[in-house]
Amino acid sequence: MKSVTLRDSELKKAAEAGMDEFVGAVYDAIMNAAGGELTAESMAELNASQITLAAYVMLRDEVMDGGFVQLIHNGYGGFIYLNPFAKVMKRWGLKDLSNMIYSTHTLYCKYGSEIEKDCTDEEFMAMFEKYEEFDEFDDDFVENEEDWTAMIAAYVDDHLNDFVTEIIYE
């Protein structure tokens, strides 16, 4: 198991700055322990909570930037939809997000292989019209992201030992 360390001063500073910064500080510590990227090898050395937080941050960043089409096109579809991410979100208290993941999973199964294909920038931009079934979910995600991130931050704070193995006090 990889040791995920975080300085107490960094954690406090992030918490004071807000939920995004708090989640970001814990995520950064996890990614640092994983060598900067999640691979099969690095994930084998992280626990389920750490991997799930990383998945949430990746989901949030991709969907907020370009929606579910971008998430899938950039290769994160399998990571989100072919793992128990939705189930864990429900367990963490994010039932609406869990339901959204299950709903978009159906669309991923229907269109994922087409969306994941290499394409030009013009072809990629055309996907947003072609796969407009994702639009409602994109809008719903944007509307709820702040609340969901706050819920994730509260969960992480309440279960910090599941995410950070060592806090360095200075």
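Just so we're clear, the structure is a prediction, and the values are computed from it rather than from any experiment.
- The CD1 atom of I152 sits 7.0 Å away from atom CG of L97, with the distance rounded to the nearest 0.5 Å.
- Taking the six-membered ring where the residue is Trp, the centroids of F163 and H159 are separated by 6.0 Å or more.
- Contact of the Y56 side chain with the W92 side chain is not registered, since no non-hydrogen atoms from C-beta on lie closer than 4.5 Å.
- Atom CD of E166 sits in a crowded spot, with more than 12 heavy atoms from other residues, nucleotides or ligands closer than 6.0 Å.
- I72 contributes atom CD1, which lies 15.0 Å from atom CZ of F79 (distance to the nearest 0.5 angstrom).
- Residue E146 places its CD atom among 12 or fewer non-hydrogen atoms of other residues, nucleotides or ligands, all under 6.0 Å distant.
- Side chain to side chain, T52 and S49 fail the donor-acceptor criterion of an N or O pair below 3.5 Å.
- With rounding to the nearest 0.5 angstrom, the CE atom of M1 is 5.0 Å from the CG atom of N47.
- Of all heavy-atom pairs between M43 and I51, the closest is O-CD1, 3.4 Å.
- Counting heavy atoms from C-beta outward, E114 and K130 have side chains that approach closer than 4.5 Å.
- The shortest non-hydrogen separation linking E133 to K110 is OE1-NZ, 3.9 Å.
- Of all heavy-atom pairs spanning Y108 and G78, the tightest one is OH-N, 3.3 Å.
- D61 meets the side-chain contact (heavy atoms from CB on, under 4.5 Å) test with V57; sequence neighbours excluded.
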**Asked** Please walk me through it: do I167 and T5 pass side chain to side chain contact (heavy atoms under 4.5 Å, CB included)?
**Response** CA-CA 6 Å; I167 297 177; T5 61; over 6 Å; no
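- Both L82 and V63 sit in one connected hydrophobic cluster of ILVMFWY residues. Membership requires side-chain heavy atoms under 4.5 Å apart, directly or through other members.
- Contacts classified as side chain to side chain donor-acceptor pair (under 3.5 Å) and involving residues 73-89 (residues at least two apart or in different chains) are given here: E62-N74, Y81-T104.
- In this structure, the side chain of E123 engages the main chain of T120 through a donor-acceptor pair within 3.5 Å.
- If you take CG on L94 and CE on M100, they are separated by 11.0 Å, rounding to the nearest 0.5 Å.
- A single hydrophobic cluster is not seen to contain both F137 and Y102; linkage of ILVMFWY side chains at heavy-atom distances under 4.5 Å, directly or through other members, places them apart.
- Within 6.0 Å of CG in D121 there are 12 or fewer heavy atoms belonging to other residues, nucleotides or ligands.
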For residues 9-38, which side-chain N or O atoms pair as donor and acceptor with protein atoms under 3.5 Å away, sequence neighbours left out?
residue, atom, partner, partner atom, Å
S9, OG, E170, OE1, 3.1
K12, NZ, D8, OD2, 3.2

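- Between F141 atom CZ and D96 atom CG the span is 12.0 Å, to the nearest 0.5 Å.
- Taking the side chain as every heavy atom from C-beta outward, L59 and F85 approach each other to under 4.5 Å.
- Annotation: side chain of Y131 is not in contact with side chain of L107 (no heavy-atom distance under 4.5 Å).
- Here the CZ-CD distance, from F128 to E132, works out to 13.0 Å after rounding to the nearest 0.5 Å.
- Taken together through direct or relayed side-chain contacts under 4.5 Å among Ile, Leu, Val, Met, Phe, Trp and Tyr, L160 and V4 form part of one hydrophobic cluster.
- Under the 4.5 Å side-chain contact rule for hydrophobic residues, V142 and F68 share a cluster.
- For S98 (side chain) and A86 (main-chain N/O), a donor-acceptor pair under 3.5 Å exists by modelled atom type.
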